[in-house]
Amino acid sequence: MGNAQAVEPKNTTVSDKVSMDELVALCKRRGFIFSASEIYGGINGFWDFGPLGVLLKNNLRDRWWNDMVIAPPIGPDGEPLQIMGVDSSIIQNPKAWVASGHVDTFNDPMVDCKLTKLRYRQDHLVAVVDERNGQIFAFYQEALEDKGTLKKLKKQAGTDELEKLKVIPFTAIPASDYGKVIGPDTDQKGTLTEPRKFNLMFKTYVGATATEDDIAYLRPETAQGIFLNYKNIVDNMRVRVPFGIAQVGKAFRNEVTPRNFIYRSREFEQMEMEWFCHPDEAKKWFEFWTDARKKWWEAVGVSPANLQLRPHDKDELSHYAKAGVGTVDVEYRFPFTAPGFGELEGIAHRCDFDLTQHEKHSGKKMEYFDDSVQPPRRFIPHVIEPAAGLTRGVLALLAEAYTADPSRPSQMYMKFKPSMAPVKAAVLPLLNKDGLPEIAQKLYYSMRTKFMTEYDAKGNIGKRYARHDEIGTPFCITIDTDTPKDQAVTIRFRDTMAQERVALDKIETFVQTALKE
RNA sequence: GCGGGUGUAGCUCAAUGGUAGAGUGCUAGCCUUCCAAGCUAGCUAUGCGGGUUCGAUUCCCGUCACCCGCUCCA
């Protein structure tokens with residue numbers, strides 16, 4: 001996820017209007033998202049989707065699946081792309097996570113400064129050793145290029161001849177020598193704690209014996225389940241490179257600090273697609289997918305003003321992406337990052353890292369033989385990966401939709417794009433008598449087979465409109481006392497509160513047409 | 001994991017070392033001819049655990065959760 005960047009909003013955005021407190025309160029009050037195990041006091045970093053939340057999440061997920069697997073985009077050459085779906089197991093052979101690098105690199109040893117309460121990643125620090133007296137200074141690598149740091153170092157070491165000091169990785173300093181270490185933000189010795197590991201993968205045990213030999217991991221990303229099936233797809237599914245494999249599913253990370261509602265939770269859902277191509281074409285496809293993915297977020301209702309593409313800095317790139325054409329994040333201006341942005345999706349060139357690793361560890365050939373060109377060639381495909389956060393996408397849609405409007409009873413409404421709205425239409429008899437409920441129910445039974453519809457006869461009509469504003473229902477259809485006579489109903493539009501009279505037998509088609517826009 | 005803050009009905013907010021009250025919401029009924037109208041009845045709370053005390057929602061300790069900052073984030 002991106003560094004929050006100080007970008008001035010060009011115009012009024014949703015992020016200026018909604019506070020997270022208001023959004024979280026609405027999500028609970030209207031049944032979008034609840035804290036997990038709430039009656040037991042909750043559990044840090046886990047959330048439950050309520051009736052409205054799961055409808056919204058499924059709408060976003062289904063749209064992604066449709067636009068990736070059912071009807072993938074037309075490629076840059078005008079040819080339709082080939083993408084297939086899988087649904088792999090959450091638990092795999094633990095060797096898969098050794099091969100992918102997660103067992104080793106999902107450990108981040110940290111040291112704390114007891115004095116300043118600051119925390120540092122051990123492997124991001126360097127040790128400056130004064131061999132004359134054994135004194136050790138710890139600094140961030142990049143801080144050594146800072147004049148102030150160098151000045152402090154000269155002063156503390158009591159010499160101007162810094163070249164006499166030896167710079168080595170801090171990881172090379174044994175914990176028993178920490179007593180001689182002066183931390184980055186203090187001038188006292190011995191304030192750093194021993195490094196502590198934070199393993200970000202959830203462990204579990206397979207089988208009943210639960211010994212160390214039975215350890216397995218909950219997947220920290222869905223991507224590996226795709227690489228593990230790459231060979232099955234190539235061998236059995238009559239595909240040619242380039243092609244893609246897509247998957248939606250849960251992933252688990254034991255985050256040090258879950259924060260910001262569902263933005264960083266320990267159990268979350270990803271929508272990932274791995275695009276396999278020839279190494280020479282990686283750049284072309286990277287650019288294609290970057291563009292396609294940003295447009296997709298706009299298509300589901302995220303305003304371009306709240307979206308940005310942010311290329312990763314070189315030192316920010318993942319281990320697998322260092323040699324590639326790079327990584328770009330699609331970022332959204334979340335309420336808690338505004339005026340900066342936070343990651344919604346990452347498009348990464350993973351090179352051939354994963355397939356090569358699995359080839360090494362499994363002993364199975366991952367090479368692809370391409371005889372569609374002359375001369376025929378063998379290669380391990382490179383991968384372009386658009387990896388989106390479904391959970392984060394839901395949060396973006398919620399934040400984007402929240403619209404204050406003091407002129408209406410609800411004071412606000414959820415301006416979902418109609419196709420994403422949890423409830424598409426509500427059927428409301430104006431009165432609970434005079435045959436109105438009978439007409440309304442008949443319409444409701446018909447409409448609910450086509451799209452999510454609610455029947456609501458409780459309270460007066462104003463209260464019902466207000467509730468549907470709060471859950472973002474784009475269309476309310478009211479059956480009134482004229483309906484039995486003129487066979488027409490009133491449709492009320494969420495965003496404008498305007499009303500229109502439509503024939504009873506045309507209303508369903510009317511809504512269906514409106515949902516496509 | 002560290003530091004600071006918070007924790008009373010679904011929500012917003014009162015009160016108190018002596019058994020918690022309002023508004024709103026919700027439920028049922030009446031009523032109701034298009035934007036939270038009205039009437040009647042009803043439901044719902046001191047996060048959890050321990051201590052001090054005759055008695056704790058109130059004071060103390062612990063814990064859990066949330067918020068802010070740090071840290072981290074394939």
Side-chain angles (χ1 to χ4, degrees), chain A residues 1-3 19-22 24-26 28-31 34-46 100-102 105-106 108-121 124 185 193 196-198 200-201 220-224 251 253-261 263-264 266 268 270 272 312 316-322 327 329 336 342-343 346 348 350 353-354 385 387 407-411 413 428-434 436 457-470 476-483 489-492 494 497-499 501:
Chain A
M1 119 205 20
N3 308 323
S19 75
M20 282 307 287
D21 286 349
E22 284 174 298
V24 172
L26 177 87
K28 180 176 183 185
R29 185 157 48 87
R30 287 306 182 192
F34 305 119
S35 156
S37 328
E38 193 178 77
I39 60 172
Y40 289 104
I43 174 165
N44 199 356
F46 298 89
S100 69
H102 289 84
T105 62
F106 238 53
D108 296 325
M110 311 287 300
V111 295
D112 291 312
C113 177
K114 285 179 274 197
L115 197 69
T116 61
K117 305 297 180 195
L118 295 170
R119 165 172 291 175
Y120 311 96
R121 247 180 90 163
H124 284 185
D185 297 287
T193 64
R196 281 175 288 201
K197 278 192 172 184
F198 292 82
L200 294 186
M201 275 201 294
E221 63 173 20
T222 57
Q224 292 305 323
R253 286 180 205 170
N254 214 345
E255 294 287 355
V256 178
T257 313
R259 273 293 157 85
N260 294 323
F261 199 30
Y263 181 76
R264 181 180 304 145
R266 290 181 166 139
F268 57 100
Q270 294 184 305
E272 298 196 290
H312 280 209
E316 195 183 350
L317 289 172
S318 313
H319 59 275
Y320 54 70
K322 290 244 190 301
T327 296
D329 283 345
F336 48 83
E343 182 187 341
R350 292 182 79 127
F353 176 85
D354 301 276
E385 172 196 76
S407 76
R408 38 180 107 195
S410 54
Q411 303 290 304
Y413 63 107
L428 317 170
L430 188 58
L431 300 173
N432 259 321
K433 57 178 184 183
D434 300 338
L436 270 44
K458 291 197 176 86
N460 66 56
I461 193 71
K463 286 190 179 189
R464 284 177 270 167
Y465 285 156
R467 174 173 173 274
H468 282 286
D469 276 348
E470 283 197 330
C476 285
I477 293 150
T478 302
I479 285 74
D480 60 28
T481 48
D482 288 336
T483 303
V489 295
T490 303
I491 182 166
R492 179 257 196 195
R494 176 195 65 199
M497 295 192 285
Q499 300 188 349
R501 200 77 180 160

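Just so you know, these numbers use all the heavy atoms, side chains as well, and skip hydrogens, waters and symmetry mates.
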(message) Restricting to side chain to side chain donor-acceptor pair (under 3.5 Å), what partner residues turn up for A/Ser410, sequence neighbours left out?
(response) none
Taking N or O atoms only and anything under 3.5 Å, show me the protein contacts with nucleotides 44-50 of chain B, one pair per line.
none

Could you write out each protein N or O paired with an N or O of nucleotides 7-13 of chain B at a distance under 3.5 Å?
unit_1	atom_1	unit_2	atom_2	d
B/rC11	OP1	A/Lys28	NZ	3.3

(request) Could you list the residues that satisfy side chain to side chain contact (heavy atoms under 4.5 Å, CB included) with A/Glu255, not counting sequence neighbours? (result) A/Arg253, A/Arg264, A/Arg266
What does the list of N/O pairs under 3.5 Å between the protein and nucleotides 66-68 of chain B look like, with a distance for each?
unit_1	atom_1	unit_2	atom_2	d
B/rC66	OP1	A/Asn44	OD1	3.2
B/rC66	OP2	A/Asn44	OD1	2.7
B/rC66	OP2	A/Asn44	ND2	3.4
B/rC68	N4	A/Arg259	NH2	3.1

(message) Could you work out, with side chain to side chain donor-acceptor pair (under 3.5 Å) as the rule, every residue matching A/Arg492, not counting sequence neighbours?
(response) A/Asp469
(request) Could you measure between the two C1' atoms, the one in B/rG10 and the one in B/rC43, and give it in whole Å? (result) 12 Å
(message) Using salt bridge (Lys or Arg N to Asp or Glu O under 4.0 Å), reason through A/Glu272 and A/Arg350 one step at a time and then give a plain yes or no.
(response) CA-CA 13 Å; A/Glu272 298 196 290; A/Arg350 292 182 79 127; 5.1 Å; no
(request) Output all residues satisfying side chain to side chain donor-acceptor pair (under 3.5 Å) with A/Arg29, sequence neighbours left out; order by chain, then residue number. (result) A/Glu470
(message) Reading 5' to 3' and counting Watson-Crick or G-U wobble pairs with both distances under 3.5 Å, write the dot-bracket notation for RNA chain B, | for bases paired outside the strand.
(response) (((((((..((((....[..))))((((((.......))))))...(((((..]....))))))))))))....
(request) Output all residues satisfying side chain to side chain contact (heavy atoms under 4.5 Å, CB included) with A/Leu431, sequence neighbours left out; order by chain, then residue number. (result) A/Lys433, A/Asp434, A/Leu436, A/Thr481
(request) Could you pull out all residues at least two apart from A/Ala457 that satisfy side chain to side chain contact (heavy atoms under 4.5 Å, CB included)? (result) A/Pro429, A/Asn432, A/Tyr455
Look for any protein N or O under 3.5 Å of an N or O in nucleotides 27-34 of chain B and output each such pair with its distance, or none.
unit_1	atom_1	unit_2	atom_2	d
B/rU32	OP2	A/Lys433	NZ	3.3
B/rU32	O4	A/Asn432	N	3.3
B/rU33	O2	A/Thr481	OG1	2.5
B/rU33	N3	A/Thr481	OG1	3.0
B/rC34	O2	A/Tyr465	OH	2.4
B/rC34	O2	A/Gln499	NE2	2.8
B/rC34	N4	A/Asp480	OD2	2.8
B/rC34	N4	A/Thr490	OG1	2.6

(request) Could you tell me which residues satisfy side chain to side chain donor-acceptor pair (under 3.5 Å) with A/Thr478, sequence neighbours excluded, listed by chain and number? (result) A/Tyr465
